[in-house]
Visitor: 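Here you go, one structure.
So that the names make sense, note that chain A is the first sequence line, chain B the second, and so on, each numbered from 1. Just so we're clear, the structure is a prediction, and the values are computed from it rather than from any experiment.
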Amino acid sequence: MSFQGSALLAILVLLGVFTAAPGLIWLERRLLGLWQDRYGPNRVGPFGIFQVIADMVKILTKEDWIPPFADRPVFVIAPGVIIFTVLMSFAVVPVAPGIGVVDLNVGLLFFLAMSSLGAYSVVLGGWSSNNKYSLLGGLRAASQMISYEVFMGLSLMGVVVMTGSFSMWDIVMAQQGMWNIVPQFFGFVVFLVAGVAEMHRLPFDIPEAESEIVAGFHSEYSGLKFGMFFVGEYLGMVVVAAITTTLFLGGWHGPWLPPIVWFGLKTFALVCFFILLRAGLPRPRFDQLMSYGWKVMLPLALANLLVTGAIVVL
Amino acid sequence: MVTAFYIASAVAIAATIMVITRTQAVHALLYLIVSLLSVAVIFFCLGAPFVAVLEIIIYAGAIMVLFVFVMMLLNLGPESAQQERQWLNPRMYIGPAVLSLVLLIELVYMINQGLATVYSPTVVAPREVGISLFTTYVLGVELAGMLLLAGLVGAFHLGRRRERREHGTDTTTQAADTESSPNVTVGEDS
């Protein structure tokens, strides 16, 4: 299916994504509260939903301070990079038939490229702060993201082999009969783990491990710049959920309900799952994270690709 | 598309000049990343989207991150920027400039003669790249594979955890190896 989106659709997708992100902050705090047997924020408005507005007011009115010892230009650019790369990733996500921004014939690789560029945000933020804890956070981020990127890409190649295309739209169309999660179950698992590590969410939030290195790469950030890192993380969560939905959970396919609702439901379920991970799992040690990645995930992704390739050829 | 090509080329040249003239290493690396991104846009304009995306994933996304990683470990202070400033005196530019000028004259001459086919916008799909890699150029792929295997073995050897020989003599050998081996491997991999 070939598809060319209009500027209007692009703006709509952008608006939808940007309104979803602050809502997610509230959702995460409420869900975490429920799973940890407490209330979470429930004072501002019905169910505490206006907490979002209170948080925004707080972040926007805080003093936006750049430390005198920081490297100014890099310090300012770093938070922008994460927002930019995450929003660019949304360009290749097919939401429903006819709703999306662009159909690239290298769509899947475009997503991988953007997620690998996203690593710069964290790394440069950590470096430019000129603070030893930030530097440690940045170093951890660099090695973590570059390692998990390798088998993030490899785990998706099974899907590509089965579909015979890098286009996200073709991949969704190919899942009409059966979702990719059934034949590509191991690819799905590896991608999900790598996705959590790529957006450095708990339990893989080692670059910002607050019990060890203050707040890691964003220790020195305040005000709106901190807010951009924060929103970038939530947007990253949505983009990984949306891409997983597209590649493994059949995209917009599903009975009875309209396609866009199916896409939204699946993405929402995955986002809730990511939040559950945060509520349920402890943070591993850094060397545990690395050896888990290289000794378990990489062989698994390679074996998955090998078997998929063999089956497709035979 | 032709205008996009020229704009991207201009950005690439400007960014590369900035790479050379920066005294702060990380700033130079940032300009190098911009330069690589603009080269990716050039590939895209020339009808090679697959190569364009691989350029971003491998060069800008993986190798440059490793460069930045090393820069962060080196922890270069203002002294190194000072030193760099001393090294960058204008006389250093003369040799490279003359040699590049020769290449430029050659290029302009060839274009004037019509020897070079300029700009053929036929889009090459990922599938065609793969097919030609594994049929026509399979020997190159195999050789590159062997080279990468050598790199992998070398990285494994360097990052190997040595066995404990005697009590008290092994303090230096164990500290460095948990992190270094995976990172070296990525560089070779990509």
Visitor: Check whether any side-chain heavy atom of B:V26 lies under 4.5 Å from a side-chain heavy atom of A:W127, and answer yes or no.
Guide: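 When only atoms from C-beta onward are counted, A:W127 and B:V26 do touch, with a gap below 4.5 Å.
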Visitor: With respect to chain B, which residue among A:A113, A:G293, A:P73 yields the maximal number of heavy-atom pairs within a distance under 4.5 Å?
Guide: A:A113
Visitor: Should we count CZ of B:F44 as having more than 12 external heavy atoms under 6.0 Å?
Guide: no
Visitor: Atom OG of A:S116 and atom CE of B:M64: how far apart are they, to the nearest 0.5 Å?
Guide: 12.5 Å
Visitor: Considering residues, nucleotides and ligands other than A:F90, do more than 12 of their heavy atoms fall under 6.0 Å from its CZ?
Guide: yes
Visitor: Side chain, backbone, both or neither: which part of B:V65 has a heavy atom under 4.5 Å from chain A?
Guide: both
Visitor: Does A:Y120 reach the main-chain N or O of B:L30 with its side chain, forming a donor-acceptor pair under 3.5 Å?
Guide: no
Visitor: For the residue pair B:A62 and A:I146, what are the closest heavy atoms and their distance?
Guide: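 Closest approach of B:A62 to A:I146, heavy atoms only: O-CD1, 3.2 Å.
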Visitor: Considering residues at least two apart in sequence or located in another chain, which fulfil the ring pair (Phe, Tyr, Trp, His ring centres under 6.0 Å) criterion with A:F229?
Guide: A:F217, A:Y221
Visitor: Between A:L124 and chain B, which part of the residue has a heavy atom less than 4.5 Å away: side chain, backbone, both or neither?
Guide: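 Answer is side chain: those atoms of A:L124 sit under 4.5 Å from chain B.
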Visitor: Tell me whether B:F134 at atom CZ has more than 12 heavy atoms from other residues, nucleotides or ligands lying less than 6.0 Å away.
Guide: no
Visitor: At what distance, to the nearest 0.5 angstrom, does CG of A:L109 lie from CD1 of B:I56?
Guide: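 Here the interatomic distance stands at 10.5 Å.
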Visitor: What's the separation between atom CG in A:L112 and atom CG in B:L54, rounded to the nearest 0.5 Å?
Guide: 10.0 Å
